[in-house]
Trainee: 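Provided herewith is a single structure, encoded as structure tokens, for subsequent inquiry.
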Amino acid sequence: MKRRVAILGSTGSIGTQALDVIAQHPDLFEVELLTANNSKDLLIEQAVRFNANTVVIGNKDLYKEVSEALNPHMIKVFAGNDSISEILEYSTNIDIVVASMVGFSGLKPTLAAIRSGKTIALANKETLVAAGEIVTGQAKRHNSFIIPVDSEHSAIFQSLQGERAEIEKILLTASGGPFLDATVEQMAAATKEIALKHPRWNMGAKVTIDSASMMNKGLEMIEARWLFDVDPSKIQMVIHPQSIIHSMVQFTDGSIIGQLGVPDMRIPIQYALSYPYRIPLNVDRLDLFKVATFTFREPDMEKFPCIKIAYESIAHGGNIPCIMNAANEVAVAAFLRDKIKFTDIPSVIERTIGKSNFIAKPTIEDIFESDKEGRIFAKEFVNLD
Ligand code: MN3
């Protein structure tokens, strides 16, 4: 029987690559649901090509156009983000949900999918950063299995297969981003065009800026903390500019197991879709003789304060990681609109955390409230209208 797939954010970087994986295996997967916010033309094209059962367009103003295009194909069309949560919660035709919406907006639909016990291929790290304890708790309760799509977490997940051992340490690798060897002055003067040029991975704008500030690694550290239930003190970031080792696990006997490959997101996406099976994939093969050298170095927390902010936020706990994430999303959007300098991003986050109310044991309602409050405060600091 084919696996029936829902892709949230199908027109984004992860979404389009997930569809590329599905196109390589028409005998194994079929597309049940596709969603997008605004990219109506691509959504329509994807829905027709993959013969989706249902699509949701987030922006309600685009509903008419999308439904007129897809009605002749007998594809059901809904509008608005609440529809996504409803479909995920009540549909019995979906086996696996690729959660690849960008940012905090992924939390609600992911929770809805979890409540109905579906398998989640999680690409949206903000979901676990903002509400990791609640999300993993709900997943346990509703027997929903979360499989990571993020390349580092997929590598860790793959390294843990067949192990019944205690994790001594997670070695979370990072390319270091475009500013690895830049000075603070160069970073302060960097335009968005420079910050958007990632040396290794081809990704969406939000995660590319996060990689440049290294907040991405901070978010991933928190993501790993919840996915693998390890204390943050046991998660060591390792700069590995070649981006060939996608992360490693160190066990209590001193053994280190990692996953290697070319930096191509279709590998972890496919592993999440096909798990527990490993199936063929048409991507480049790693040529170790071409790579020749692997290098490693420690991250520079002075130059990349976002790393420190992330460790402090998760140590503080409660709603602080949620506020950190909200402030970061606002700061990144402001930088992309030329409202703040690249090096202002960490100070916007720190000031927002400083101004927000601490809640030690937040409910899900508290999380949504904290996110809202964090955004309001952060917007004051970046003068965003
Ligand atoms: Mn990653």
Side-chain angles (χ1 to χ4, degrees), residues 2-10 12-15 17-19 21-22 28-36 52-54 56 81-158 160-161 204 207 219-220 222-229 265-277 322 325 364 367:
K2 289 186 193 181
R3 279 195 186 163
R4 297 162 300 178
V5 184
I7 304 179
L8 315 184
S10 66
S13 173
I14 297 289
Q17 294 183 83
L19 285 172
V21 166
I22 290 172
L28 295 179
F29 306 112
E30 63 186 319
V31 172
E32 181 67 24
L33 168 71
L34 298 175
T35 83
N53 184 324
T54 308
V56 180
N81 282 331
D82 291 341
S83 307
I84 302 175
S85 299
E86 252 167 66
I87 293 168
L88 290 175
E89 185 147 12
Y90 299 110
S91 166
T92 52
N93 304 325
I94 296 168
D95 299 309
I96 183 161
V97 179
V98 180
S100 51
M101 297 164 96
V102 178
F104 185 81
S105 63
L107 177 57
K108 233 182 211 170
T110 304
L111 275 174
I114 286 173
R115 274 196 299 273
S116 68
K118 294 181 173 66
T119 298
I120 314 291
L122 187 72
N124 178 278
K125 59 194 82 173
E126 291 88 347
T127 293
L128 285 179
V129 172
E133 193 161 11
I134 295 171
V135 169
T136 51
Q138 291 267 326
K140 234 179 236 158
R141 192 156 103 210
H142 297 283
N143 257 324
S144 160
F145 191 40
I146 301 177
I147 308 174
V149 166
D150 207 345
S151 60
E152 296 79 0
H153 305 77
S154 176
I156 296 162
F157 182 67
Q158 292 182 51
L160 289 169
Q161 293 307 309
V207 57
L219 299 175
E220 289 182 349
I222 299 174
E223 185 185 7
R225 184 261 170 273
W226 294 116
L227 276 173
F228 306 109
D229 194 21
M265 281 308 294
R266 288 172 298 180
I267 297 174
I269 291 168
Q270 173 168 292
Y271 191 73
L273 288 176
S274 67
Y275 182 84
Y277 305 102
C322 170
N325 177 66
I364 192 67
I367 290 293

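Computed from heavy atoms alone, side chains included, the values below leave out hydrogens, waters and symmetry copies.
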Trainee: Output, in order, the C-alpha distance, side-chain angles, deciding distance and verdict of side-chain contact (heavy atoms from CB on, under 4.5 Å) for Thr127 and Asn124.
Mentor: CA-CA 6 Å; Thr127 293; Asn124 178 278; 2.3 Å; yes
Trainee: Is any side-chain N of the basic residue among Glu89 and Arg115 closer than 4.0 Å to the acidic one's carboxylate O?
Mentor: yes
Trainee: Before you tell me yes or no, could you show the steps for Ile7 and Leu33 under side-chain contact (heavy atoms from CB on, under 4.5 Å), namely the whole-Å CA-CA distance, both residues' side-chain angles and the distance that decides it to 0.1 Å?
Mentor: CA-CA 6 Å; Ile7 304 179; Leu33 168 71; over 6 Å; no
Trainee: When you look at NZ of Lys2, are more than 12 heavy atoms from neighbouring residues, nucleotides or ligands closer to it than 6.0 Å?
Mentor: yes
Trainee: Between Asn81 (side chain) and Ser105 (backbone), is there a donor-acceptor pair under 3.5 Å?
Mentor: no
Trainee: Is a donor on one side and an acceptor on the other found under 3.5 Å between the side chain of Ser144 and the backbone of Lys118?
Mentor: yes
Trainee: Looking only at the side chains, is there a donor atom on one of Asn53 and Glu32 sitting less than 3.5 Å from an acceptor on the other?
Mentor: yes
Trainee: Has Ser10 got a side-chain atom pairing as donor or acceptor with Gly15's backbone, closer than 3.5 angstrom?
Mentor: no
Trainee: One thing to verify: whether Arg4 and Asp95 come together as a salt bridge, which I'm taking to mean a side-chain N less than 4.0 angstrom from a carboxylate O.
Mentor: yes
Trainee: With rounding to the nearest 0.5 angstrom, report the CE to OG distance, Met265 to Ser151.
Mentor: 5.0 Å
Trainee: Thr136 versus Leu227: any side-chain heavy-atom pair under 4.5 Å?
Mentor: no
Trainee: To the nearest 0.5 Å, what is the distance between CD1 on Ile146 and OG1 on Thr119?
Mentor: 10.0 Å
Trainee: Between Leu128 and Ile222, is the side-chain contact (heavy atoms from CB on, under 4.5 Å) condition met? List the steps.
Mentor: CA-CA 7 Å; Leu128 285 179; Ile222 299 174; over 6 Å; no
Trainee: Taking all heavy atoms of Cys322 and all of Ala130, pick out the closest pair and write down the distance.
Mentor: CB-O, 3.5 Å
Trainee: Using only atom types and a distance under 3.5 Å, with no angle test, would you say the side chain of Ser154 pairs donor to acceptor with the backbone of Ala272?
Mentor: no
Trainee: Going through the checks in order, is the side-chain contact (heavy atoms from CB on, under 4.5 Å) test met by Val5 and Ile94?
Mentor: CA-CA 6 Å; Val5 184; Ile94 296 168; over 6 Å; no
Trainee: Aromatic contact between Phe157 and Tyr275, with the criterion being ring centroids under 6.0 Å apart: yes or no?
Mentor: yes
Trainee: Are a donor atom and an acceptor atom from the side chains of Asp82 and Ser85 found within less than 3.5 Å of each other?
Mentor: no
Trainee: If you take all heavy atoms of Phe104 and Glu126, which pair is closest and at what distance?
Mentor: N-CB, 3.9 Å
Trainee: Drop me the distance from Ile84's CD1 to Thr54's OG1, to the nearest 0.5 angstrom.
Mentor: 12.0 Å
Trainee: Which heavy atom of Phe228 sits nearest a heavy atom of Pro148, and at what distance?
Mentor: CZ-CG, 4.4 Å
Trainee: Does the Gln17 side chain pair with the main chain of Ser13, one donor and one acceptor, at a distance under 3.5 Å?
Mentor: yes
Trainee: Can you see whether His153 engages Glu220 through a side-chain donor-acceptor pair at a distance of less than 3.5 angstrom?
Mentor: no
Trainee: Do Met101 and Pro109 have side chains that approach each other closer than 4.5 Å (heavy atoms only, starting at C-beta)?
Mentor: yes
Trainee: CD1 of Ile114 to CD1 of Ile134: how many Å apart, nearest 0.5 Å?
Mentor: 11.0 Å
Trainee: Within the side chain of Ser100, is there an N or O that forms a donor-acceptor pair under 3.5 Å with the backbone of Leu8?
Mentor: yes
Trainee: CD1 of Ile269 to CD1 of Ile147: how many Å apart, nearest 0.5 Å?
Mentor: 13.0 Å
Trainee: Got a second to check how far Ile22's CD1 is from Leu273's CG, nearest 0.5 Å?
Mentor: 5.5 Å
